[in-house]
Amino acid sequence: MFSKRKITVIGMALALAMFAAGCKKKAPPPPPPPPPQPVETPKPAPAPRAPTVSQFTAEPSTIQRGQSSTLRWEIAGDTTSVSIDQSIGTVQNTGNRRVFPNDSTTYTLTATGPGGRITASATVTVMSPPPPPPPPPPAVTVTLPTRLERDVQDAFFDYDKSDIREDARAVLTRDAAALKSILSDFPNATLMVEGHCDERGSAEYNIGLGDRRSSSAKDFLVQLGVPGDRLKTISYGKDQPQCTESNESCWQRNRRVHFSPGQ
Amino acid sequence: MKRLIWIAAGVAGASLILSAQNPDIAGIITKDAGRPFIAIPDLKGSGDAQSFMGAFNQTLWDDVSGAGTYRMAPKTMYPLNVPQQPSDFAQTPTTAESYRGRNLSDWSGPPVNANYLAFGYTAVQNGVLVLYGWLYDLSRGTTANAQVVGKRYLGSVDEAGARKVAHEFAADIIAVFGGQSLFGTHIYFVSDRTAHKEIWVMDPDGKNQKQVTHFNSVSIEPAVSPDGARIAFTSYYHTNPAIFVFSVDPVRDLRFYNQRASVNSSPSFTPDGKQIIYSSSAPNDRCCRIFIANLDGTGWRPLTSMGSLDTEPKVNPKTGREMVFSSGRSGPEQIYKMNIDGGDMERLSDGTGEAANASWHPDGQKIAYAWTRGYATGAWNIFIMDVASRSYIQLTHGEGKNEHPTWAPDGKHLVFASTRGGRPQIYTMLADGTQVQQLTTAGHNERPVWGK
């Protein structure tokens, strides 16, 4: 019973509102005289209806910083003002607007009419742009020790000799190219040219002999264009052997010049 | 009596000739036949002192037997009644079996056949270990005349104290024949027992081994100043090999200035202790010439000319005017001698094999050195050469590699490194090659040098 009556009231209000709207909008041919209405009971004037928001969207709702989003809105009902915050201000009942928010922003639309006020909100989420693409990878991603181990070979010597043998000449020629490439890839690096000896000569003499081996190898490399100021010589004599067996195979392995990162 | 067999090079065919040399050149160690026999029965301690007598008796025996002054009468021949003090001897000779040992003749006659008898005892008195020690000359016939040494020695009541009094008693026994005790001298050496080559020091009997450097690098080539207060050595602590000079007590870096060079190495002290002589590739990284400099490295000047590989310079301790060094100037490494002012260069080794590690005898007339003569390359043995005559004797004979001999301050002993047991270890021996004692066992030990 209560609901039936409410429906009736709303229906009448609707009719009245439509009538009123019609009067406002249409050009005024003189209205026909109101038909005499069978007035049964005088009814109170219906309360003005509050405006409603039919639509308020941000499209797209997620943007990259620097891109735009479009707000669209549509208000139904009587309004005296419609506005959107975030410095947009007063707008028409229906409209759209491109926005360029720097950060994620919630836009609030406020519609005010005789029947009241209503708000709606739409949020634009701003994503940071992806980091710039990484710089092109450096020419080498391997470490200096790895490069030396991979690209540079030991040069070997005869017993009690520091002159460059024929096989060492070939090795050092290849090494020169590799060393130039390595030194250009590692512009701050210096390299140690280590001289080593086998276990047979006296310990003190071998420090000198190892020094001579590293000097001859360095001289040879410098002649081939390896920058001499980035090669440092050092002799370990027979104090840092890479094998300790007392046979010619091991002795030969220890009579060498070896390259290592500078210290 | 002082005959010593020297080996000299054969003229043409490298055949070895055995020849007897002039004794005043050759005689370093009195041959066995010339040494008196000594009996040293184990001494006993009263009360608490007895617990240290194992260490005491071992030290006393080792010192006297190692000195090269006496021959040791074997203990198994000793009578059971060992006198502990002079009053234990029988006043009148007795043949009673229960008295065997109480007559001088029980020690001088068979089976002991000793010429000397050392005896005594220890006791703890007022918190001090006291040794009463006597040495009797058995040839003098009566106890009243026999005493050569009779002294009281004081030490702490522990094993170290027992060793100390044993060393002192032994020193007095050795001194009877002009021998010099090595107790109190030090042997510096290189050990890798900490995983890095560091300089270490020990007593001449291998006791009290202590680490001197803590560089965690490669530290090698120790040398001792004549007064024993400083050492010099080479270390890779600053990357390239460089010379360091340290005081010993306390251990302190005395800051040796190194020339800018790829190699500064092989330092030793001049006899006045005021300069360092060494091997350096300065100024152009062409290794190496001999240089001499002040103790702090300043005032350096080269002594040899460019173009050869010279190292291991050692100045004659007696004259201070000449030095020996090793060099590859004429091919394989050999030992040379020259005056410090640059003149009179001569090669001492005969050009065969390789020769290195020359070390002056304290008398400035002989060197000990390592040589591969007669053996394969790298098979070093210890030799002694009389510098004036260049005659030499060989002390080791292929028992592993034997290198870096240096003389003890007494001029009778040598310390050296040998691989005879596998890994290199430090040994001492008499200068005739006998009485070999191993001093180290932990890690690899090499490059010993004997100083005060």
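Below, chains carry the letters A, B, ... as their sequence lines are ordered, and counting in each starts from 1.
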Quiz item: For Gly208(A) and Leu309(B), which heavy atoms make the closest approach, and how far apart are they?
Solution: C-CD1, 3.6 Å

Quiz item: Do Ile207(A) and Cys287(B) come within less than 4.5 Å of each other through their side chains, counting heavy atoms only?
Solution: no

Quiz item: Hey, is CD on Gln242(A) packed in by over 12 heavy atoms from elsewhere, all under 6.0 Å?
Solution: yes

Which side chain or backbone donor-acceptor pairs connect chain A with chain B at less than 3.5 Å?
{"residue": "Tyr159(A)", "atom": "OH", "partner": "Glu354(B)", "partner atom": "OE1", "Å": "2.9"}
{"residue": "Tyr159(A)", "atom": "OH", "partner": "Glu354(B)", "partner atom": "OE2", "Å": "2.9"}
{"residue": "Arg200(A)", "atom": "O", "partner": "Trp380(B)", "partner atom": "NE1", "Å": "2.9"}
{"residue": "Ser202(A)", "atom": "OG", "partner": "Glu333(B)", "partner atom": "OE1", "Å": "2.9"}
{"residue": "Ser202(A)", "atom": "OG", "partner": "Glu333(B)", "partner atom": "OE2", "Å": "3.2"}
{"residue": "Glu204(A)", "atom": "OE1", "partner": "Asn357(B)", "partner atom": "ND2", "Å": "3.4"}
{"residue": "Glu204(A)", "atom": "OE1", "partner": "His404(B)", "partner atom": "NE2", "Å": "3.3"}
{"residue": "Glu204(A)", "atom": "OE2", "partner": "His404(B)", "partner atom": "NE2", "Å": "3.0"}
{"residue": "Asp211(A)", "atom": "OD1", "partner": "Ser262(B)", "partner atom": "OG", "Å": "2.7"}
{"residue": "Asp211(A)", "atom": "OD2", "partner": "Ser262(B)", "partner atom": "OG", "Å": "3.2"}
{"residue": "Arg212(A)", "atom": "NE", "partner": "Cys287(B)", "partner atom": "O", "Å": "2.7"}
{"residue": "Arg212(A)", "atom": "NH2", "partner": "Cys287(B)", "partner atom": "O", "Å": "3.0"}
{"residue": "Arg212(A)", "atom": "NH2", "partner": "Gly307(B)", "partner atom": "O", "Å": "3.3"}
{"residue": "Arg212(A)", "atom": "NH2", "partner": "Ser308(B)", "partner atom": "O", "Å": "3.4"}
{"residue": "Ser215(A)", "atom": "OG", "partner": "Asp285(B)", "partner atom": "O", "Å": "3.2"}
{"residue": "Asp219(A)", "atom": "OD1", "partner": "Arg286(B)", "partner atom": "NH2", "Å": "3.4"}
{"residue": "Asp219(A)", "atom": "OD2", "partner": "Arg286(B)", "partner atom": "NH2", "Å": "2.8"}
{"residue": "Thr233(A)", "atom": "O", "partner": "Asn240(B)", "partner atom": "ND2", "Å": "3.0"}
{"residue": "Ser235(A)", "atom": "O", "partner": "Tyr236(B)", "partner atom": "OH", "Å": "2.6"}
{"residue": "Asp239(A)", "atom": "OD1", "partner": "Lys197(B)", "partner atom": "NZ", "Å": "2.6"}
{"residue": "Asp239(A)", "atom": "OD1", "partner": "Arg447(B)", "partner atom": "NH1", "Å": "3.0"}
{"residue": "Asp239(A)", "atom": "OD2", "partner": "Arg447(B)", "partner atom": "NH2", "Å": "3.3"}
{"residue": "Gln263(A)", "atom": "OE1", "partner": "Thr239(B)", "partner atom": "OG1", "Å": "3.4"}

